[in-house]
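Presented below is the structure to which this report refers.
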There are 2 protein chains.
Amino acid sequence: MMFSKACEYGIRAAVYIALQSLDNRRVSVNEIAEEIDSPVAFTAKILQQLTRNNIVHSVKGPTGGFEIDREAMDTVKLSKIVKAIDGDKIYVGCGLGLKECNADRPCPLHDKFVDIRTDLRTMLQSTSLYELATGLEVGLTYLKR
Amino acid sequence: MMFSKACEYGIRAAVYIALQSLDNRRVSVNEIAEEIDSPVAFTAKILQQLTRNNIVHSVKGPTGGFEIDREAMDTVKLSKIVKAIDGDKIYVGCGLGLKECNADRPCPLHDKFVDIRTDLRTMLQSTSLYELATGLEVGLTYLKR
DNA sequence: TCAATAAAGGACATTTTTGTCCGAATAATA
DNA sequence: TATTATTCGGACAAAAATGTCCTTTATTGA
Ligand code: FES
Ligand code: FES
């Protein structure tokens with residue numbers, strides 16, 4: 001509802017890859033899709049986008065798969081994933097669908113909407129994959145129901 | 001991005017109807033679509049939903065059109081429109097797309113996401129059509145670019 | 001070198017959302 | 001009563017998002 005399905009899968013996949021990379025396991029699309037409960041082929045497409053955007057790293061061939069450097073887990077924030085998949089409409093779009101959000105000619109919801117949108121952006125820009133992966137690691141959070 | 005197109009049009013239409021009802025003008029779909037810059041026939045469909053949900057009132061025939069009681073302008077909050085058109089997924093859905101959002105088995109983003117979602121809900125539940133229409137009336141806000 | 005394994009990428013299929021069209025129902029008014 | 005202006009409702013169409021399939025490419029290890 002806030003993010004596209006593709007983006008939801010992308011974030012879940014990235015978090016799972018980060019989790020496994022924490023103990024140096026490279027993971028395949030099949031395993032990822034299984035663990036995050038997502039359609040395999042569609043997930044593969046999304047992983048291609050993440051790879052092209054240097055969010056995850058991929059290796060072909062046997063023993064290949066996806067992984068994330070320990071460093072990237074800190075530097076890659078959710079905002080980067082969202083931007084790669086959904087673009088920046090979530091950051092700059094008007095809540096009521098005007099062609100652009102513009103404080104000089106605001107829609108009736110502008111002021112209230114901007115507050116929330118800013119909170120969302122701040123949250124996404126400050127949340128790293130590492131942070132999300134560690135919650136998973138200690139069993140506090142889950143990637144599927 | 002946050003709301004569907006249908007919902008965006010629905011809110012803009014409702015605000016415009018409220019604005020005109022402030023000085024007792026009933027408005028037609030054609031006028032509404034013109035003034036909020038939306039596709040006429042699609043807007044008509046959305047207005048039907050708003051009518052069925054008692055958000056606006058419609059009158060058929062010549063001199064007919066849409067209107068909103070002065071009282072309803074206060075009691076109808078944006079949350080009612082959003083719920084009528086987009087349902088309640090925006091309020092109860094998991095940000096990462098898990099089948100349901102559940103604090104007992106949260107996704108990695110749950111805590112941070114819930115904060116923002118709650119702010120959004122609170123904002124929608126506390127914002128009335130009257131409030132939005134008055135900003136328009138005095139020329140502070142706009143419904144099209 | 002060859003078979004097996006995995007990602008990459010393109011074409012296609014399905015579903016959902018967005019949008020259109022047209023006839024029926026309703027009501028005002030001449 | 002006939003005409004006209006309006007919403008209502010259903011069927012349809014187009015576009016976008018979601019999802020599938022299959023072939024190619026890279027890499028490993030026997
Ligand atoms: S103009 Fe609508 S949110 Fe800024
Ligand atoms: S479980 Fe994901 S937002 Fe609550």
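Per chain, numbering begins at 1; letters A, B, ... match sequence-line order.
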Find the distance A/Leu50:CG to C/dG9:P and express it as a whole number of Å.
13 Å

Length of the NE2-P vector between A/His57 and C/dA6, whole Å
17 Å

Check whether any side-chain heavy atom of A/Leu109 lies under 4.5 Å from a side-chain heavy atom of B/Met123, and answer yes or no.
yes

C/dA8 C1' sits how many Å from A/Ile46 CD1, rounded?
15 Å

Give, for atom CG of B/Leu96 and atom CG of A/Leu78, the distance between the pair rounded to the nearest 0.5 Å.
8.0 Å

Distance test, side-chain N/O of A/Thr51 to OP1/OP2 of C/dA7, below 4.0 Å:
no

Ignoring hydrogens and angles, tell me if any N or O in the side chain of B/Asp86 forms a donor-acceptor pair with the backbone of B/Val82 under 3.5 Å.
no

In whole angstroms, how far is the C1' atom of C/dA11 from the CD atom of A/Gln48?
13 Å

Under 3.5 Å donor-acceptor, B/Asn102 side chain and B/Asp104 backbone
yes

Can you tell me the distance, in whole Å, between the CZ atom of A/Arg52 and the P atom of C/dA7?
15 Å

Protein-nucleic acid N or O pairs under 3.5 Å, nucleotides 18-27 of chain C:
{"residue": "C/dT18", "atom": "OP1", "partner": "B/Lys5", "partner atom": "N", "Å": "3.0"}
{"residue": "C/dG19", "atom": "OP1", "partner": "B/Tyr9", "partner atom": "OH", "Å": "3.4"}
{"residue": "C/dG19", "atom": "OP2", "partner": "B/Tyr9", "partner atom": "OH", "Å": "3.2"}
{"residue": "C/dT20", "atom": "O4", "partner": "B/Lys45", "partner atom": "NZ", "Å": "3.4"}

Using 0.5 Å steps for rounding, measure from the OG atom of A/Ser128 to the CE atom of A/Met73.
10.0 Å

Kindly indicate whether the side chain of B/Phe3, heavy atoms from C-beta on, has any atom under 4.5 Å from the side chain of B/Ile81.
no

Expected output is a numbered-order residue list: members of residues 10-37 of chain A with a heavy atom under 4.0 Å from any atom of DNA chain C. What is it?
A/Val27, A/Ser28, A/Val29

Could you measure the distance from the NE2 atom of B/His110 to the OH atom of A/Tyr142? Nearest 0.5 Å is fine.
12.5 Å

Is the closest side-chain heavy-atom distance between B/Arg12 and A/Leu98 below 4.5 Å?
yes

